[in-house]
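Below is one structure, written out as structure tokens; the observations come after it.
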Amino acid sequence: MANLYGLPEEEIEHVGQRDRRCVYCHKKMVKPSRKVSQRDWATIEHLNHLPPWDDPTTIAICCGSCNSSRGAKPILEWFKSDYCKKRNISSCTVADPVLEYIRKFEGYRG
């Protein structure tokens with residue numbers, strides 16, 4: 001069964017197994033719950049800031065705080081934000097799926 005983005009649930013599950021910590025800040029995350037702050041929730045992150053969002057190679061799992069901060073900004077632009085600077089989030093510190101994405105789709109050569 002696919003979700004509203006057309007991604008098969010088994011693909012999302014695979015990504016969730018791979019991304020146990022936030023792909024940006026590396027914080028341990030929890031399943032969404034009323035008992036826990038949304039900033040700590042594990043959320044689906046669309047690495048591509050514009051649709052289509054139906055490619056499992058362009059999703060990752062990040063904390064609600066990072067997901068909310070990034071919003072619809074391109075990743076490389078978001079890295080320049082105060083949020084990222086305060087948390088030392090950059091192309092040098094992100095998890096491999098993010099680095100692979102920015103190399104393949106955003107032309108990053110670092």
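Values reported hereafter were calculated over all heavy atoms of this structure, with side chains retained and with hydrogens, waters and symmetry mates removed. The chain is numbered in sequence order, starting from 1.
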- Message: For Lys73, I'd like to know if atom NZ has over 12 heavy atoms of other residues, nucleotides or ligands within 6.0 Å.
- Response: yes
- Message: Please find the pair of heavy atoms, one from Ala60 and one from Asp19, that lie closest to each other, and give the distance.
- Response: CA-OD2, 3.3 Å
- Query: Should Val98 and Glu100 count as side-chain neighbours, where that means a heavy-atom distance under 4.5 Å?
  - Reply: no
- Item | Evaluation steps, side chain to side chain contact (heavy atoms under 4.5 Å, CB included), between Tyr24 and Glu45 | CA-CA 10 Å; Tyr24 297 124; Glu45 169 69 330; 2.7 Å; yes
- Message: Nearest 0.5 angstrom please: Arg103 CZ to Ser91 OG, how far?
- Response: 8.5 Å
- Where is the tightest heavy-atom contact between Glu106 and Leu47, given as atom of each residue plus distance? OE2-O, 4.3 Å
- Query: Do Arg70 and His49 pass the side chain to side chain contact (heavy atoms under 4.5 Å, CB included) test, and can you show the C-alpha distance, the side-chain angles, and the key distance before you say yes or no?
  - Reply: CA-CA 9 Å; Arg70 180 170 168 228; His49 67 285; 3.6 Å; yes
- Query: Are the side chains of Cys22 and Ile61 in touch, meaning some heavy atoms are under 4.5 Å apart?
  - Reply: no
- Item | Thr93 versus Asn88, side-chain donor and acceptor atoms under 3.5 Å | no
- Task: Locate the shortest heavy-atom distance separating Cys63 from Thr43; write the atom from each residue and the value.
- Result: O-OG1, 3.7 Å
- Query: Do the side-chain N and O atoms of Thr58 and Trp53 include a donor-acceptor pair separated by under 3.5 angstrom?
  - Reply: no
- Output for pair (Leu99 CG, Lys104 NZ), nearest 0.5 Å, gives 13.5 Å
- Query: Can you find a heavy atom in the side chain of Ile12 that is under 4.5 Å from one in the side chain of Ile59?
  - Reply: yes
- About how many Å separate SG of Cys62 and NE2 of His46, when rounded to the nearest 0.5 Å? 10.5 Å
- So do Ser90 and Cys84 actually touch side chain to side chain, heavy atoms under 4.5 Å? no
- Task: Could I get the full list of salt bridge (Lys or Arg N to Asp or Glu O under 4.0 Å) partners for Lys27, not counting sequence neighbours?
- Result: Asp40
- Between Val15 and Pro56, which heavy-atom pair has the shortest distance, and what is it? CG2-O, 4.3 Å
- Given the rule in the side chain to side chain contact (heavy atoms under 4.5 Å, CB included) test, do Trp41 and Ser65 qualify, once you have shown the distances and angles that lead to the verdict? CA-CA 8 Å; Trp41 288 6; Ser65 183; over 6 Å; no
- Grab the two heavy atoms, one from Arg21 and one from Lys28, that are nearest each other, plus how far apart they are. NH1-N, 3.3 Å
- Report yes if some heavy atom in the side chain of Pro97 is under 4.5 Å from a heavy atom in the side chain of Arg18; otherwise report no. yes
- Note on the structure: Between Lys80 and Lys85 the two heavy atoms that sit nearest each other are O-CE, 3.0 Å
- Task: Start with the C-alpha gap between Tyr101 and Tyr108, add the side-chain angles, then the distance that decides, and say whether side chain to side chain contact (heavy atoms under 4.5 Å, CB included) holds.
- Result: CA-CA 9 Å; Tyr101 171 82; Tyr108 177 74; over 6 Å; no
- Message: Within the 4.5 Å heavy-atom criterion, are Trp78 and Cys66 side-chain neighbours or not?
- Response: yes
- Is Asp82 reaching over with its side chain to a backbone N or O of Lys86, donor-acceptor style, under 3.5 angstrom? no
- Sort out for me which residue in Ile75, Ile89, Val23 forms a side chain to side chain contact (heavy atoms under 4.5 Å, CB included) with Val94. Ile89
- Do Ile44 and Ile102 share a hydrophobic cluster, counting only Ile, Leu, Val, Met, Phe, Trp and Tyr and linking them when any side-chain heavy atoms are less than 4.5 Å apart? no
